[in-house]
Chemist: 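Below is one structure. I have some questions about it.
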Amino acid sequence: MKVMWSKLESQPKGVFYRNSLVYILLAASIPGFMIGLLVYHFATNQLQDDISDLHYQQINERVQNIDDQFSYLEMGLSNWAFNPTFGYRLQTLDFVYYFQETWDVTKSLVVMEGSHSLINNVELYIEREQQPILFKTEFYHLYDKNTIDYYKQILQQEKRMFWMQDQQMGDSKNGLTLLHKIPGESPIPFGVLIVKLDKEKLMNLLKTMTPYNEGTTFLLDKNYELMLSDSSELDPLQEKLIEHIKTSEQTTGQFVTDYGKESYSVSYGVFKRLADEWIYVSASPMTLITTPVVTFSKSLLWISAFSLITALLLAFVVSNTMYSPIQKLLNQIDPERRQADRKRKNEFQTIREHWTNISTKSAELEQKIETTLPILRNTFLMQLLQGHIGNLSEQDLERRMRSLYWEVGTHHYTFVHIYLTGLHRIDQPMTPNDERLMTFAAYNMAQEMVSAQFNQGYALNFHDLSLGIFIIEANDKIVQNEQLQQFCERYTHTINELLRLQVSITISRKTEELRKVRNLYMEVERAASYRQFLNQNQLIWMEDLPKEFTFDDIDYPFDVELEILQAMRSGNREQVLELLRRFIEAGSMQKEHVAQQNMLQLLGSIQHMMLQSGINPIKLFHGENLYRQLSHIRDPKKLLRWMRDIVIRPYFDELENRVNAQQKGMMTQIIAYIHEHYKKDISLDQCADLVGVNSYTLSKWFKQASGVNFIDYLTELRIKKAQELLRSTDMLINDIAQEVGYQQRYFNRIFKKHVGVTPSEYRSSTG
């Protein structure tokens, strides 16, 4: 016993381990034989299943966290792409002369780099006729052709926003790259925002899906090609897992597999990212836990048959088995912990201290979320008011608002529009920048007062001497007019005293539907036009306006018009026609002249959208006076046919012609590349990278253009070149095979397959 105790003292175990070992030694006895038998036959298999299920549950929880990180990056980049800082002016701006605008762009890129811990760096590429420009984060003129071609290939991508693997200049720190063309609203972008993520941090994030820091975790694209891993090449274990997943009919699931002497619990699933799919795979060895259990049970059976000494040895094994999870946890918490600390401290005290540290970090993360939440809320409300998310259902809108920690559902919504007047009373001349500062100061005051007055109120800064206030109240606690009156009086008095400006306030009606908030916004904006042009404070209640000043008689379907324009921008022909039917049906319920005016207004909006998209309506419609034609049509069915044939169809034909011209140019470039490099080992993926599309799209376009698939075209070209060399030269067949890009053994087989005879027989027959 003294010898055993001295050995225990020399082990790097803690207080809990030694105490538990003493208790087990006291309880050990011969009946452990039967216990070991039961454990061996039943517990081992069940333990494997439990570990596999636990691993799968942990992976699902951690995958959601990773998916949220990617979604946050996508939402953040999308918001920046629509920021006026990255608007149309950048294409022609002199960045040397207008140094303030240049500084604003650089500052925005720095802010983007610091907006998320995964971001390594942010670049902005601007295509110009004279010389392309790259912000990284300061701006440079690009002269290197390879670098310019790299960014041009990105601009040629069909998608506006997409992910890709960063391979530029062999930068090993960059893992995945998120890109968004700018301007965000333009159909013909001239630049691209490039967010490069840190590969090491990405891998650390993926490793959270592997319990106990053992096993392997990696990311694949939908073609099962490696996207992200510790190493640049697949190891045998990863190859085995990929083959298993390929043969599986399910896109997500779990299974257990053996590799070498280890059994692995494998979980896999799909990240859906921007119309693309990534496959994550996490494999964790189960034998770290199951092997000690099996050893323990076998030891029980063997040792219990001999003597009590066997029982003591069994107790030693059991103590190690029981301590194994705690030791793994301690090693994971603090792998550098010294032996002296382990003997002095109770293990659970260490775990408790670590848990306290984690709780502190969790509180810091919650504080960061609170910091970014106002930005996300502001973005959502601006999209709601501007109609960019008008295609979402009421349930979808409520779900998004709940994700931003708003309480919605059985609630009423009110919108308040505030306009600042009286700038001419200020002694000093005001610049546009001064007006923005005035608006910002008024916005800060409004936000502070709204937060104090209402449970759920949020102020919006429109940056043009106008503000908006969005108020949410439960049905059982509807905002009373007295509350709004008090708020307006307090806010008006504050602006009068501090900024020496007057305030015109318009308060909307209340609504129970989020989809109608945009209508409230448009209504109060129109109502503001009825304010008196006096140097005094004004308050307009939509509910109190006389009947002749209400807007109930305005039956123009603004929401349907917005959906039509969005569907045309996205190229959805069928949806446009369906929305046109709805628009015409809404107009047919009114008087004939009103319906006619609605259609004329819609035609003007469509032509305005075409101009923004880079299409000249005058050239598209050959100078025809569409308004004159439309003014002679009264029948709703004829109106629909006229809009479909005269306006909609030419627009979509023009879009398709542009796409076809681009596709034809790509195919010409690819075929020329094949004829130039057929002697080398070229692939479909290489050609896809050359023109900046994915391999699936290139394969489909190649088949449409040439009538055969890529590999058949390449093979036929190589065989024809080989036939010419066999007929016209005395080169050795092995040299000819290398000349056309084949090894001799493979060349003989494929030549016979396509020609019907071997190369030697072909040369003899043509000699």
Side-chain angles (χ1 to χ4, degrees), residues 64-86 107-119 122 160-161 163 178-180 182-185 193 195 197 205 271-274 362-409 411 413-416 439-440 443-444 446-448 450-451 454-463 467-473 514-515 517-518 520-521:
Q64 182 61 45
N65 174 54
I66 297 174
D67 188 65
D68 290 343
Q69 296 283 343
F70 287 133
S71 298
Y72 178 82
L73 286 169
E74 293 167 357
M75 181 180 295
L77 181 58
S78 179
N79 292 336
W80 280 105
F82 285 87
N83 192 297
T85 304
F86 305 108
K107 182 168 61 177
S108 298
L109 295 179
V110 172
V111 171
M112 291 175 66
E113 285 187 358
S115 64
H116 200 282
S117 61
L118 291 179
I119 297 178
V122 180
R160 290 186 173 278
M161 183 176 181
W163 290 88
L178 179 60
L179 307 98
H180 198 305
I182 62 166
E185 69 276 6
L193 277 170
V195 176
L197 306 187
L205 186 62
F271 286 124
K272 295 193 175 183
R273 302 255 63 86
L274 302 177
S362 177
E364 293 175 355
L365 290 176
E366 289 181 0
Q367 185 177 4
K368 290 181 180 179
I369 291 176
E370 292 178 358
T371 303
T372 58
L373 187 60
I375 301 174
L376 299 176
R377 285 183 171 183
N378 183 78
T379 301
F380 174 82
L381 288 178
M382 294 300 292
Q383 290 178 336
L384 180 64
L385 297 180
Q386 295 171 3
H388 296 310
I389 53 178
N391 59 329
L392 297 181
S393 65
E394 186 73 14
Q395 293 76 16
D396 292 335
L397 291 174
E398 290 183 357
R399 184 166 58 252
R400 286 200 178 187
M401 293 194 71
R402 290 190 186 97
S403 68
L404 297 175
Y405 302 100
W406 267 318
E407 294 181 7
V408 294
H411 288 71
Y413 310 102
T414 307
F415 191 83
V416 180
T439 309
F440 183 73
Y443 160 75
N444 286 335
Q447 182 63 41
E448 182 177 349
V450 165
S451 301
F454 306 106
N455 293 332
Q456 294 191 91
Y458 196 83
L460 293 168
N461 187 357
F462 297 139
H463 304 282
L467 312 171
I469 297 177
F470 182 61
I471 301 172
I472 307 173
E473 286 293 328
L514 280 169
R515 289 175 59 85
V517 171
R518 170 174 166 76
L520 296 182
Y521 169 66

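Only a predicted model underlies this, so the values are computations on that prediction, with no experimental measurement involved.
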Chemist: Under the rule for side chain to side chain donor-acceptor pair (under 3.5 Å), what residues qualify as partners of Ser451, not counting sequence neighbours?
Modeler: Gln447
Chemist: With sequence neighbours left out, what residues match Tyr405 under ring pair (Phe, Tyr, Trp, His ring centres under 6.0 Å)?
Modeler: none
Chemist: Under 3.5 Å, side chain of Tyr443 to main-chain N/O of Phe462, donor-acceptor pair present?
Modeler: no
Chemist: Please collect all salt bridge (Lys or Arg N to Asp or Glu O under 4.0 Å) contacts where either partner lies in residues 72-82, sequence neighbours excluded, each pair once.
Modeler: Glu74-Arg273
Chemist: Phe415: what forms a ring pair (Phe, Tyr, Trp, His ring centres under 6.0 Å) with it, not counting sequence neighbours?
Modeler: Tyr521
Chemist: Taking all atoms of both residues into account, what is the closest heavy-atom pair of Thr85 and Ser108, and its distance?
Modeler: CG2-OG, 3.7 Å
Chemist: Ring-plane angle category for Trp406 and Phe380, please: parallel below 30°, perpendicular beyond 60°, tilted otherwise.
Modeler: tilted
Chemist: Just to verify, what does Trp163 make a ring pair (Phe, Tyr, Trp, His ring centres under 6.0 Å) with, not counting sequence neighbours?
Modeler: Phe70, Trp278
Chemist: So, for Phe470 and Leu381, which heavy atoms are closest and what is the spacing to 0.1 Å?
Modeler: CD2-CD2, 3.6 Å
Chemist: Kindly give the heavy-atom pair with the smallest separation between Leu467 and Ala446, and that separation in Å.
Modeler: CD1-CB, 4.2 Å
Chemist: What are the two closest non-hydrogen atoms of Tyr72 and Thr372, and how far apart are they?
Modeler: OH-CG2, 3.7 Å
Chemist: Please list, chain by chain and in numerical order, all residues satisfying side chain to side chain contact (heavy atoms under 4.5 Å, CB included) with Glu407, sequence neighbours excluded.
Modeler: His411, Gln456
Chemist: Do Leu197 and Leu178 have side-chain heavy atoms sitting under 4.5 Å apart?
Modeler: no
Chemist: Does any non-hydrogen side-chain atom of Asn444 lie less than 4.5 Å from one of Asn461?
Modeler: no
Chemist: Side-chain contact, heavy-atom cut-off 4.5 Å: Met112 with Leu109?
Modeler: yes
Chemist: I'd like to check the salt bridge (Lys or Arg N to Asp or Glu O under 4.0 Å) partners of Arg160; sequence neighbours left out, ordered by chain and number.
Modeler: none
Chemist: Side chains of Val122 and Trp80: closer than 4.5 Å at any heavy-atom pair?
Modeler: no
Chemist: Would you say Ser403 and Arg399 make side-chain contact, with heavy atoms under 4.5 Å?
Modeler: no
Chemist: Only counting residues at least two apart or in another chain, list the ones meeting salt bridge (Lys or Arg N to Asp or Glu O under 4.0 Å) with Asp68.
Modeler: none
Chemist: I'd like to check the side chain to side chain contact (heavy atoms under 4.5 Å, CB included) partners of Asn65; sequence neighbours left out, ordered by chain and number.
Modeler: Gln69, Leu205
Chemist: Going by ring pair (Phe, Tyr, Trp, His ring centres under 6.0 Å), name the residues that satisfy it together with His463, two or more places apart in sequence or in a different chain.
Modeler: none
Chemist: Taking side chain to side chain contact (heavy atoms under 4.5 Å, CB included) as the test, write out the residues that go with Arg518, two or more places apart.
Modeler: Met522, Leu562
Chemist: List the steps and the verdict of side chain to side chain contact (heavy atoms under 4.5 Å, CB included) for Leu460 and Leu385.
Modeler: CA-CA 11 Å; Leu460 293 168; Leu385 297 180; 3.4 Å; yes
Chemist: Report the residues that fulfil side chain to side chain contact (heavy atoms under 4.5 Å, CB included) with Phe82, sequence neighbours left out, ordered by chain and then residue number.
Modeler: Ser78, His180, Glu185
